[in-house]
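Presented below is the structure to which this report refers.
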Amino acid sequence: MTGVGPTAMPLQGLIGGAMIGLASALMLLGLGRIAGVSGMAARASGLAADGAPWSWAMAFVVGLPLGAALIAAIVGPVETHLPGSPAILAVGGLVVGFGTRLGNGCTSGHGVCGVSRRSLRSIVATAVFMIAGIATVALMHLLGVAA
């Protein structure tokens, strides 16, 4: 568990948060665009025709795992816990994708960029994401599928 106490990873969280904030600020200042991962992934994969230039979207999407690898190389590997079942991961990914399309954005776009711009739509979307996440974790613990 990485949540609190001696197992918390505050340095990794601080560096990751700073990099997300820097990327979001550069995207907004450089292109005037919100740095939402779901929108960038849709643009990079060809699912969306509009949005940031394709090269920017692809660089952003490719940079995500490279940034994680860079941080792991600097401060050590980040501890993760995934459900043992690939089916749970697949269903979770589909539900997140559906929610992202339904909310017209994801936590990075609404939570990082939208909330900082005081967008009411983003504040509501982020609150819904948080409540859904808490409910999902509680349900997984009740069903015994959480680590």
Side-chain angles (χ1 to χ4, degrees), residues 1-31 33-48 51-117 119 122-123 125-147:
M1 177 161 226
T2 60
V4 294
T7 60
M9 304 175 86
L11 181 60
Q12 290 88 340
L14 178 65
I15 293 171
M19 291 180 73
I20 290 170
L22 178 63
S24 298
L26 288 174
M27 193 78 177
L28 189 58
L29 293 173
L31 290 179
R33 307 237 16 126
I34 299 297
V37 174
S38 60
M40 292 292 188
R43 179 72 175 123
S45 66
L47 294 174
W54 181 85
S55 59
W56 277 74
M58 185 57 79
F60 194 92
V61 170
V62 170
L64 290 172
L66 292 178
L70 176 67
I71 293 303
I74 294 171
V75 296
V78 176
E79 186 179 335
T80 59
H81 298 276
L82 298 173
S85 169
I88 291 175
L89 289 174
V91 170
L94 290 172
V95 171
V96 167
F98 177 75
T100 297
R101 296 305 296 172
L102 187 65
N104 198 23
C106 60
T107 52
S108 60
H110 283 301
V112 175
C113 298
V115 170
S116 67
R117 295 172 50 234
S119 164
S122 292
I123 292 169
T126 303
V128 170
F129 295 155
M130 297 296 289
I131 291 168
I134 291 168
T136 301
V137 169
L139 182 63
M140 289 179 69
H141 278 282
L142 284 174
L143 296 175
V145 292

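For the single chain, residues carry numbers from 1 onward in sequence order. Please read all numbers here as calculations on a predicted model, not as lab measurements.
Two residues are said to be in side-chain contact when any heavy atoms from C-beta on lie closer than 4.5 Å; Leu31 and Pro53 meet this criterion. Two residues are said to be in side-chain contact when any heavy atoms from C-beta on lie closer than 4.5 Å; Ile34 and Arg117 meet this criterion. A 4.5 Å side-chain heavy-atom check between Met40 and Trp56 finds every atom pair outside the cut-off.
Judged as a side chain to side chain contact (heavy atoms under 4.5 Å, CB included), and not counting sequence neighbours, the contacts of Met19 are Ile15, Ile71. The side chain to side chain contact (heavy atoms under 4.5 Å, CB included) test applied to Thr107 returns Phe129, not counting sequence neighbours. Residues passing the side chain to side chain contact (heavy atoms under 4.5 Å, CB included) test with Leu14: none are found, sequence neighbours excluded. Partners of Ala44 by side chain to side chain contact (heavy atoms under 4.5 Å, CB included), not counting sequence neighbours, listed by chain and number: Ala57, Met58, Val61.
In terms of heavy-atom proximity, Cys106 sits nearest to Gly36 at SG-C, 4.3 Å. The nearest pair of heavy atoms linking Ala35 to Ala23 is CB-O, 4.5 Å.
In this structure, Leu11 CG and Ile74 CD1 are separated by 9.5 Å, a value rounded to the nearest 0.5 Å. The CG atom of Leu29 lies 10.5 Å from the OG atom of Ser24; values are rounded to the nearest 0.5 Å. To the nearest 0.5 Å, atom CG of residue Leu64 and atom CD1 of residue Ile20 are 8.5 Å apart.
Side-chain atoms of His110 come within 3.5 Å of backbone atoms of Gly103 as a donor-acceptor pair (strictly under, hydrogens ignored). Counting only distance, with no hydrogens or angles, the side chain of Ser116 and the backbone of Val112 share a donor-acceptor pair below 3.5 Å. For the pair Thr126 (side chain) and Ile123 (backbone), a donor-acceptor distance under 3.5 Å is absent. Distance alone, capped at 3.5 Å, is enough to place a donor-acceptor pair between the Arg43 side chain and the Ala52 backbone.
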